[in-house]
Amino acid sequence: MRKIQFLLLATAVAMAMTATAQQLPLYLDNNAPIEQRVEDALSRMTLDEKIAVIHAQSKFSSPGVKRLGLPDFWTDDGPHGVRPDVLWDQWEQAGQTNDSCVAFPALTCLAASWNPVLAELYGRSLGEEARYRGKDMILGPGVNINRTPLNGRNFEYMGEDPLLASRMVVPYVKGLQSTGTAACVKHFCLNNDEEYRHQVNVIVSDRALREIYLPAFEAAVKEGHTWGIMGSYNLYKDQHCCHNEYTLGQILKGDWQYDGVVVSDWGGAHDTEQAVKNGLDMEFGSWTDGLAWGASNAYDAYYMALPYKKMIQEGKFTTRELDDKVRRVLRLFFRTTMSNKRARGFLCSKAHYDAALKIAQDGIVLLQNKRIVLPIDLDKAKRLLVVGENAIKMMTVGGGSSSLKVQHEILPLDGLKTRLAGTGIEVDYARGYVGDTTGEYNGVVAKQSLADNRPAAELIAEAVAKAKGADYVIIFGGLNKSDYQDAEGHDRKHMDMPYGQDALVEAVARVNKNVVFVNISGNAVAMPWRDKVAAIVQGWFIGSEAGTALASVLVGDANPSGKLPFTWPVSLGDLGAHATGSYPGTWRDGHKIIDEEYKEGIYVGYRWTDKQKVKPAFAFGHGLSYTTFAVSDLRLDKSDVAADGTVTATVTVKNTGKRAGAEVIQLYVSDLSGNIEMPVKELRGFQKVFLQPGESRDVSITIGGRAFQYWDESRNGWATSHGKRMMLVGTASDNLPLKKAFTVL
Ligand code: BGC
């Protein structure tokens, strides 16, 4: 009897399972390969459903396919934290109460850490915040190359060097996507300045394009396997980059075999036919008021909405291009909204604040430290004077689309006060200068009252008077997130420090020899007084934990180990974009298009200063520490290297000082073959190593592949430069004492 019951039960279970298997469409089967699910879902979709998923339905979302159980898709900025929700059809924030996030340090700071492990942590932490907030794609990271310090958006990018940006973007993307949240690497491509960003037509050599401007995107695609790429606003070869035959069609989807989606920058699509043919997959932000054309639903009027459908119905296009776009969108759905492997969401967890703090501490750069004035001597100091608006100003609000609504942002003055509480050191404050006292972005208000109507002379006089008796004067100055500073939409008009800060620093430095200038910015600024102050710290925009991180570095709880991700010129003329007069370009077509020819070619940043023998204020890769390191004994595992082989360089690094700390071993290569014009040297590898006092370690860096190649314009492909090379190893682009020759066979 028991046996019969068991058999009956077993048969019933088996039948039920077959029925489920029969009923479950392939596209819903999480165990089926994604490509099969994509084809199955595609075959079930109507023309209207296909058209719907390739364009927006609100500011930041696009529809799924409700009939098939595919959810709507939600994007959000990016790249430093999850942007507060905005209203369905307006940029104004929606006023939610659960969207105050952690602000992670801006990407320039991440790049300055030269620490790929932290880039992974950054992406993963941000992805967890995005999961909590119900976002399926983060609009970032940005990897446009820093070509001029005037670019208002450099703070959102990863510096001037293609290798550094490549090594940092890959783990960021992987970390983010490990949570089931898509990255959308932006802005592809050649969006290297903000002024006239919709009208700039970039003219650049193929070699510079491939060697300087594309590698970080290429790495994000080929190694990071990014699921999203955002087309940029500007034009290239007279075509907007959101539907550019060459960059999207030939390079991204052709050469690189990219299988993800191309998302338009918001309002970056301009033409249905080009969008159809030239690789745009998802259109967002056209007519950003959402009401253009007076249509009942303005989103229907998008280039890739009804106008596209009409062209298909009229026979102008078959559904071949449409199906390719929809396949990519479906792939994105199965990777994100339809995945059963997504991470859980956490907002403002302790772990996220810890990550933000660690990244900030690792990325702060000690640029100058005369007489070892830093760290602040807690045993001797009695009075510390803090000066400057940036000591008390929130920096997470403003700057454009990366603006955030944070749960908290520790300000520098507060960070110092908290750290020094109980030490007996008195912390005084003087305003010093008044910059921009407003603080609002899309309805998120920095609730601070920064108004101060005293004239500049009075503010300076107060700072000078207070500085006289202080053991240290810490000036927090630099830029902020207001228009024409470090902000989207415009470039800076010059490299000078705004708001009369030069006069303030000069005056204070005359009466106190222990002046520390902490520069808050995402860009280099002119510092004509840099020899007159004792120390200079590059403090970036570092988000929620800014004050804590800066205080920890200033007092020496954290030992600075950041290195500049760009060359810091004395003045604009030190850099190719300006020395060649090619920035910002030349207007044509009655002021419709501005042609910007990158006349400096591959000579961007240190490649330019090396070639011109210009000594910058601070070199690429420069950054000091509170300890000292000895780097010695460079050895190569071979001196003759096959063109498709690799060579490994090993050095011994010793912490010769008294504090634990980290050093970045940097490896550059000079091509001495004489085959082709080459930069004096190029970064080919690096590694950050943390050492206790007295500890030493061997660090090995292996290079090969692209490190031996250049873009051969005559053959339109990568070519090996055979012959002699010099390997240069050290701790900054201007401090490379170890050399070894090798030959690429
Ligand atoms: C920016 C993008 C951003 C988008 C959405 C655009 O103006 O260029 O970087 O992701 O807006 O906010």
Side-chain angles (χ1 to χ4, degrees), residues 55-62 73-94 99 101 106-108 126 130 133 135-144 151-158 169 172-173 176 181-200 216-217 220 226-235 240-242 261-270 280 282-290 299 302 397-405 441-444 481 483 486-491 522:
H55 65 87
Q57 63 173 358
S58 76
K59 281 268 164 284
F60 283 101
S61 75
S62 55
F73 189 81
W74 282 88
T75 71
D76 205 3
D77 288 295
H80 306 140
V82 188
R83 179 177 179 161
D85 289 348
V86 299
L87 293 168
W88 187 259
D89 231 356
Q90 290 165 42
W91 287 111
E92 205 63 9
Q93 67 145 342
D99 60 352
C101 65
L107 292 191
T108 33
L126 180 61
R133 296 272 312 282
K135 310 299 180 192
D136 307 309
M137 171 182 271
I138 286 292
L139 305 173
V143 287
N144 294 97
N151 179 11
R153 266 188 118 168
N154 277 338
F155 73 98
E156 286 187 65
Y157 303 143
M158 298 199 190
V169 71
Y172 179 117
V173 168
L176 177 59
T181 310
C184 188
V185 181
K186 65 194 189 183
H187 306 88
F188 189 71
C189 54
L190 297 167
N191 183 189
N192 304 100
D193 41 68
E194 281 295 284
E195 206 64 57
Y196 324 117
R197 61 183 176 171
H198 296 273
Q199 291 145 289
V200 173
F217 289 104
T226 184
W227 299 332
I229 290 271
M230 185 187 289
S232 56
Y233 283 137
N234 54 285
L235 302 93
H240 281 102
C241 287
C242 286
V261 291
V262 171
V263 173
S264 72
D265 197 348
W266 268 232
H270 301 272
L280 180 62
M282 296 177 93
E283 180 187 358
F284 283 90
S286 304
W287 309 292
T288 48
D289 61 358
Y299 295 96
Y302 271 35
V397 179
S401 56
S402 63
S403 182
L404 296 171
K405 178 166 130 192
Y441 191 80
N442 286 167
V444 176
K481 297 281 192 67
D483 283 352
D486 280 332
E488 185 178 334
H490 294 288
D491 289 342

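Whatever order the structure lists them in is the order used to number ligands and atoms, beginning at 1. Bear in mind that the values here come from a model prediction, so they are computed numbers and not experimental data.
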(message) In terms of relative ring orientation, are His240 and His270 parallel, tilted or perpendicular, with 30° and 60° separating the classes?
(response) parallel

(request) Using the side-chain hydrogen bond (donor to acceptor under 3.5 Å, both in side chains) rule, pick out the option among Gln93, Lys135, Lys405 that qualifies with Asp85. (result) Lys135

(request) Compute the shortest N/O to N/O distance between Trp91 and ligand 1 and return yes if it is under 3.5 Å, no if not. (result) no

(request) Please indicate whether any nitrogen or oxygen in Trp266 is less than 3.5 Å from any nitrogen or oxygen in ligand 1. (result) no

(request) Using the six-membered ring wherever Trp is involved, compare the ring planes of Phe155 and His80 and label them parallel, tilted or perpendicular (cut-offs 30° and 60°). (result) tilted

(request) Would you check whether Phe284 reaches within less than 4.0 Å of ligand 1, judged by its heavy atoms? (result) no

(request) Could you tell me which atoms of ligand 1, counted from 1 in the order shown, lie closer than 4.0 angstrom to a heavy atom of Arg83? (result) 12 (O)

(request) Check ligand 1 against His187 and write out every atom of the ligand that is under 4.0 Å from a heavy-atom position of the residue. (result) 2 (C), 8 (O), 9 (O)

(message) With heavy-atom distances below 4.0 Å as the criterion, list the atoms of ligand 1 near Leu139.
(response) 10 (O)

(request) Apply side chain to side chain donor-acceptor pair (under 3.5 Å) to the pair Ser401 and Glu488, showing each step before the final yes or no. (result) CA-CA 7 Å; Ser401 56; Glu488 185 178 334; 2.7 Å; yes

(message) Please list, in number order, the atoms of ligand 1 under 4.0 Å from a heavy atom of Arg197.
(response) 7 (O), 8 (O)

(request) Examine ligand 1 and decide if any of its atoms is less than 4.0 Å from a heavy atom belonging to Met230. (result) yes

(message) Pairing donors with acceptors under 3.5 angstrom, does anything connect the side chains of Arg197 and His187?
(response) no

(request) Using distance alone, with no hydrogens and no angle criterion, decide if Asn191 and Arg153 have a side-chain donor and acceptor under 3.5 Å apart. (result) no

(message) Using a 3.5 Å distance criterion without hydrogens, assess whether the side chain of Asp491 forms a donor-acceptor pair with backbone atoms of Glu194.
(response) yes

(message) As an exercise, identify every atom of ligand 1 less than 4.0 angstrom from a heavy atom of Lys186.
(response) 2 (C), 3 (C), 9 (O), 10 (O)

(request) Enumerate the atoms of ligand 1 whose separation from the nearest heavy atom of Ser401 is less than 4.0 angstrom. (result) 1 (C), 2 (C), 3 (C), 9 (O), 12 (O)

(message) What's the separation between atom CE in Met230 and atom CG in Leu139, rounded to the nearest 0.5 Å?
(response) 4.0 Å

(request) Have a look at ligand 1 and work out which part of Glu194, if any, has a heavy atom under 4.0 Å from it: side chain, backbone, both or neither. (result) neither

(request) Can you spot which of Ile138, Thr75, Asp99, Asn442 makes a side-chain contact (heavy atoms from CB on, under 4.5 Å) with Arg83? (result) Asn442

(request) Starting from atom 11 (O) of ligand 1, locate the nearest protein heavy atom and write down its residue, its atom name and how far away it is, to 0.1 Å. (result) Asp265 OD1, 3.6 Å

(message) Tell me whether the rings of His55 and Tyr302 are parallel (<30°), tilted (30 to 60°) or perpendicular (>60°).
(response) tilted

(message) Show the atoms of ligand 1 that are less than 4.0 angstrom away from any heavy atom in Arg153.
(response) 1 (C), 2 (C), 8 (O), 9 (O)

(request) State the atoms of ligand 1, each with its element, that fall below the 4.0 Å cut-off from a heavy-atom position in Phe60. (result) 5 (C), 12 (O)

(request) Distance to 0.1 Å, residue and atom name: give those for the protein heavy atom nearest to atom 12 (O) of ligand 1. (result) Asp77 OD2, 2.5 Å

